[in-house]
Structures are given as C-alpha cells and as structure tokens.
There are 2 protein chains.
Amino acid sequence: MPSGPSTDAERDAPALRRKGELTAGRILDAAEALFAEYGYAGTTLRDVATRVDLRIPSLYNHFASKEALYAAVLERGIGPVLEILGEFNAQGASRGNPAAVIERVMQLLQRYPNLPRLVFQEALAGGHRLTPMLRERIAPVFGRASEMVVASPGAGRWTAEQVPLLVLAMYHVLVGYFVSASLFADLNGGDLLSPPMFAQQTALLREIVTTLFPADPIATP
Amino acid sequence: MPSGPSTDAERDAPALRRKGELTAGRILDAAEALFAEYGYAGTTLRDVATRVDLRIPSLYNHFASKEALYAAVLERGIGPVLEILGEFNAQGASRGNPAAVIERVMQLLQRYPNLPRLVFQEALAGGHRLTPMLRERIAPVFGRASEMVVASPGAGRWTAEQVPLLVLAMYHVLVGYFVSASLFADLNGGDLLSPPMFAQQTALLREIVTTLFPADPIATP
DNA sequence: GAATAGAACTAGCGGTCGTTAGTTTTCAGA
DNA sequence: TCTGAAAACTAACGACCGCTAGTTCTATTC
C-alpha cells in the first residue's frame with residue numbers, strides 16, 4: 001500500500017470526473033425541455049434519446065428509469081431557486097423587500113425558462129411525482145415567504161390571513177407569465193419572452209408590489 | 001307548406017333527444033375530470049370507459065377519436081366562460097367594473113373546478129390541441145378584456161402598454177388559485193377550495209382590484 | 001501499451017395504447 | 001307489437017411504450 005498521492009476512496013473531482021457526466025448533463029437538458037413542454041406522460045424516452053443523438057438503452061447508463069430521470073430534472077431545476085429563496089430568507093426578513101425578491105426571481109426565471117412550465121406541470125399533477133426529499137425542501141418555502149411579507153415595511157394593510165393568499169397570487173403572476181408565453185404568442189402575436197416585453201413585465205411587477213405594499217412609512221397612520 | 005306541428009326536418013329537442021346524449025354527457029364529465037388531472041397524454045380511453053362503466057368501443061359511438069373527445073370537452077368547458085365574458089363586453093365597457101367581472105368569474109370557476117386546470121394544460125401545450133374554431137373564439141377575449149380595463153374608471157394610472165400585462169396577471173391569479181389548490185393542500189394542508197378560503201380569496205381579489213384601479217374619482221388629479 | 005471499467009450499441013420482450021371489425025342488445029317510433 | 005336504428009358488446013390488430021439482456025466500442029488508469 002504505497003500511498004503517494006494516495007488512492008483514498010473519493011478524492012475531489014478534478015474538473016469533470018468522468019466523460020459520462022457530460023452526457024448526463026445533455027440528457028438532463030433534453031429531458032427538461034421535453035418534460036416542460038409535453039409533461040411526464042407526453043414525453044417518451046425515444047424523444048429524449050433522439051434529442052441527444054443516442055439510443056434509448058444508453059440513457060439507462062445514466063438514469064435508472066424514466067421516473068428517476070424526471071426526478072433528476074426536477075432536482076436540478078428547482079434546486080437553484082430554493083437556494084436563492086433561502087439566501088433571501090437568511091438575510092433576515094427585515095431587510096428583504098418584496099420588490100427585490102421578485103426582480104431576482106424574474107432574472108432567474110429568464111435564465112431557466114423551462115422551470116416555470118416544469119413546476120406547473122407538477123402542480124397540475126398535484127405533486128404526486130415529487131420526490132419526498134424535494135417535497136420536504138419545497139414545503140417550508142411558502143410559509144417563509146409569507147413571514148417575510150408580514151415582516152416587510154408595507155404589509156400593514158393586509159391581515160395575517162390575507163398574506164399567504166397574496167404570496168400565492170404573486171407566485172402565480174410570476175410563473176404564469178412564462179407558462180402562458182407560448183399560448184399568448186400563438187393567440188395574440190406578441191412574444192412575452194422578448195427583452196422589451198420582459199423588461200415591461202418586470203417594471204409592472206415592481207409597480208404592483210410597491211402599490212400593494214407601500215414602503216413609505218408616511219402611508220401608515 | 002302546411003306547417004302545423006309538421007315533421008319539419010329539425011324540430012327542437014323535446015327534452016332529451018336521444019338516450020345516447022345522456023351517455024355522451026357522462027363521458028364528457030369523466031373525460032373532463034381526467035384530462036384536467038392527468039393531461040391529454042396521461043389520460044387513457046380505458047380510464048374514461050371505466051369511469052362511466054362502459055367498454056372502450058362504446059365511446060366511439062359518441063366521439064370519433066380521443067382527440068375529438070378532448071376537443072368536445074374543451075368546447076363544452078370553455079363555452080360558458082366565453083359567453084359570460086361576451087355578456088360583460090356587450091354591456092358596454094363603460095359600465096363593467098373590473099371587480100364585478102372578477103367576482104362573476106370566480107363564481108363560475110367554483111362551479112366548474114376542472115376548467116382552470118384544463119385551460120392550463122392547454123396553455124402548457126402551447127395551444128397545439130386547440131380547435132381552430134375554439135382558437136378563433138378565444139383569441140379576441142384578451143384584447144376585449146384589455147379594452148374594458150382601459151375604459152374603466154380607475155385605469156388612469158396605467159399606460160396602454162401595461163394594461164394587457166395587467167390583464168394577463170389577473171388571469172393568472174384567478175385560474176392559478178384553482179390550479180395550485182391540490183399541490184397547496186398537499187404541501188401546506190389548507191384546502192383552498194373550501195368555502196371559507198374561497199370567500200377570503202374572493203374578498204382579497206376585490207381588494208387588490210380596487211387598490212390597483214381606485215374607482216373613486218377623487219384619486220385622479 | 002495492456003488491462004479494466006465505463007458507455008455506447010443491437011435485438012427484442014411484455015404490456016398498454018388508440019382504434020377497428022363484426023355481433024348482440026336495447027330502445028324509440030309506427 | 002313489430003321494426004329498424006342506436007348503442008352496447010367481444011375480440012383482436014398494429015403501433016408504440018418502458019425496459020432488459022447481451023455485445024461491442026471507447027476511454028481512463030496503471
């Protein structure tokens with residue numbers, strides 16, 4: 001057992017542990033887009049394989065089953081969002097102003113446009129396909145967001161029972177914008193995901209939030 | 001042309017033209033619930049048949065294919081909503097106040113709780129499965145709603161570019177509430193569809209709308 | 001450069017899908 | 001009550017689904 005640099009069980013990844021991890025990433029990309037657009041049942045492993053230019057059995061070298069692939073897609077997609085919300089929560093509810101959270105989330109959703117549709121597919125399914133682990137991480141988010149709103153400066157006019165419904169409403173406005181983008185383009189012609197429209201939506205959200213939660217302390221009697 | 005009662009081609013239905021139309025209605029009910037919950041791809045004709053206690057081929061006596069059944073479900077579900085919105089629009093944009101429309105729609109959605117999920121399933125699919133006829137009827141609704149808001153008393157503070165996005169946001173808040181109900185119950189325990197919660201949501205919506213569109217003319221400078 | 005494990009492949013299985021053909025039962029109208 | 005059509009049924013087809021066994025190619029590691 002001449003150690004040297006030592007063949008210790010798990011040494012840290014140099015940069016990319018195996019070539020296959022790159023393939024796994026490409027599979028996740030393809031599956032994410034397809035699951036978001038067609039849902040779980042509407043997505044076939046054949047579609048995924050075709051999209052990454054592989055044969056179906058090769059997928060099983062990276063993911064044990066279709067369900068496991070779906071869980072991995074969800075985990076990779078939702079993880080970053082939960083982290084961001086966690087950061088905001090850690091900053092202390094006092095300092096976090098709602099408008100800032102919303103702009104941050106909008107930026108994130110613009111980078112991952114598949115995510116809102118993915119989340120809504122899951123919401124429509126009633127969360128039946130959520131990993132227990134993921135469910136545990138998602139569950140507290142809503143309550144924390146409500147606490148944050150309650151502690152924010154301009155929350156005075158809303159009762160404790162109204163705040164959760166307000167949070168839910170803001171969530172629907174945020175993600176609904178992305179979910180409806182394709183249908184909106186089909187029916188009305190405008191592209192909601194274009195930069196100017198996106199900027200308008202962000203500005204509108206800021207205005208709505210500052211109207212519903214007037215930050216100036218002069219408004220409170 | 002001696003009319004009388006006359007065996008004229010199509011006389012109005014006495015009450016129920018054929019026994020089979022009742023069966024068709026039961027099939028539509030079952031299919032609506034299943035399509036709303038599991039989506040198009042996730043719903044099986046076997047599931048539908050089981051739900052109405054029939055064998056699969058009997059479904060084909062009433063609907064030519066799975067796609068035709070889906071189109072019929074959508075048509076029957078969305079039709080009443082379009083009519084209500086049409087009524088409001090016909091009343092003249094001047095008289096229709098946004099809060100009234102919202103309460104009316106909420107009442108309607110409470111009666112047809114499957115409808116919002118059905119609509120969102122279609123939105124996620126990008127409207128690819130919309131009948132051309134249905135698409136034509138849905139397309140103008142959004143523009144009309146925007147016109148109505150623009151013409152309403154308290155719309156002064158919003159620009160012409162903001163109004164469509166506001167309408168879209170309100171739409172997402174309205175239907176999102178029903179779409180998220182099951183996931184919300186799963187994660188947080190509260191039943192959004194219970195009467196007290198529903199009343200709270202309605203009241204909150206009224207308050208939000210009157211805040212965003214202050215009706216009192218004293219507010220306009 | 002040889003050894004070895006990882007990652008791709010071919011071929012195919014069992015099951016379920018939407019759909020059809022053909023037959024029997026049920027029901028409305030004379 | 002009789003008759004014809006509407007509406008239910010049985011049986012089964014071809015296509016596609018997720019998945020597996022077994023094999024070949026490829027890349028990492030001494």
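Naming: A, B, ... by sequence-line order, numbering from 1 per chain.
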Starting at [atom1] of [X] and ending at [atom2] of [N], how long is that distance when rounded to a whole Å?
{"X": "Leu22(A)", "N": "dA27(D)", "atom1": "CG", "atom2": "C1'", "value": "14 Å"}
{"X": "Glu67(A)", "N": "dG18(D)", "atom1": "CD", "atom2": "P", "value": "12 Å"}
{"X": "Glu21(B)", "N": "dA28(C)", "atom1": "CD", "atom2": "P", "value": "12 Å"}
{"X": "Lys66(A)", "N": "dT20(D)", "atom1": "NZ", "atom2": "C1'", "value": "17 Å"}
{"X": "Tyr40(B)", "N": "dC17(C)", "atom1": "OH", "atom2": "P", "value": "14 Å"}
{"X": "Ile56(B)", "N": "dA12(D)", "atom1": "CD1", "atom2": "C1'", "value": "12 Å"}
{"X": "Phe63(B)", "N": "dT19(C)", "atom1": "CZ", "atom2": "C1'", "value": "16 Å"}
{"X": "Leu59(A)", "N": "dG6(C)", "atom1": "CG", "atom2": "P", "value": "18 Å"}

Phosphate-side-chain proximity, [X] and [N], N/O vs OP1/OP2 below 4.0 Å:
{"X": "Thr23(A)", "N": "dA8(C)", "value": "yes"}
{"X": "Ser65(A)", "N": "dG18(D)", "value": "no"}
{"X": "Arg46(B)", "N": "dT16(C)", "value": "no"}
{"X": "Ser58(A)", "N": "dA7(C)", "value": "no"}
{"X": "His62(B)", "N": "dA8(D)", "value": "yes"}

Evaluate Arg135(A) against Asp186(B) for salt bridge (Lys or Arg N to Asp or Glu O under 4.0 Å), listing each step before the verdict.
CA-CA 9 Å; Arg135(A) 168 178 278 110; Asp186(B) 188 33; 2.6 Å; yes
Do Asn61(B) side-chain and dA8(D) base share a donor-acceptor contact under 3.5 Å?
yes
Return yes if some donor-acceptor pair links the side-chain N/O of Thr131(B) with the main-chain N/O of Ala71(B) below 3.5 Å, else return no.
no
Side-chain contact, heavy-atom cut-off 4.5 Å: Phe178(B) with Leu115(B)?
no
Are Val81(A) and Val119(A) side-chain neighbours, meaning at least one heavy-atom pair lies under 4.5 Å?
no
Pick the nucleotide of DNA chain C nearest each of Arg26(A) and Tyr60(B); which residue has the one closer to the 5' end?
Arg26(A)
Quick one: label Leu54(B) by what it contacts on the DNA or RNA (base, sugar-phosphate, nothing), any heavy atom closer than 4.0 Å.
sugar-phosphate
Applying salt bridge (Lys or Arg N to Asp or Glu O under 4.0 Å) to Glu87(B) and Arg104(B), what does each step give before you reach the verdict?
CA-CA 11 Å; Glu87(B) 286 175 23; Arg104(B) 187 84 177 79; 5.2 Å; no
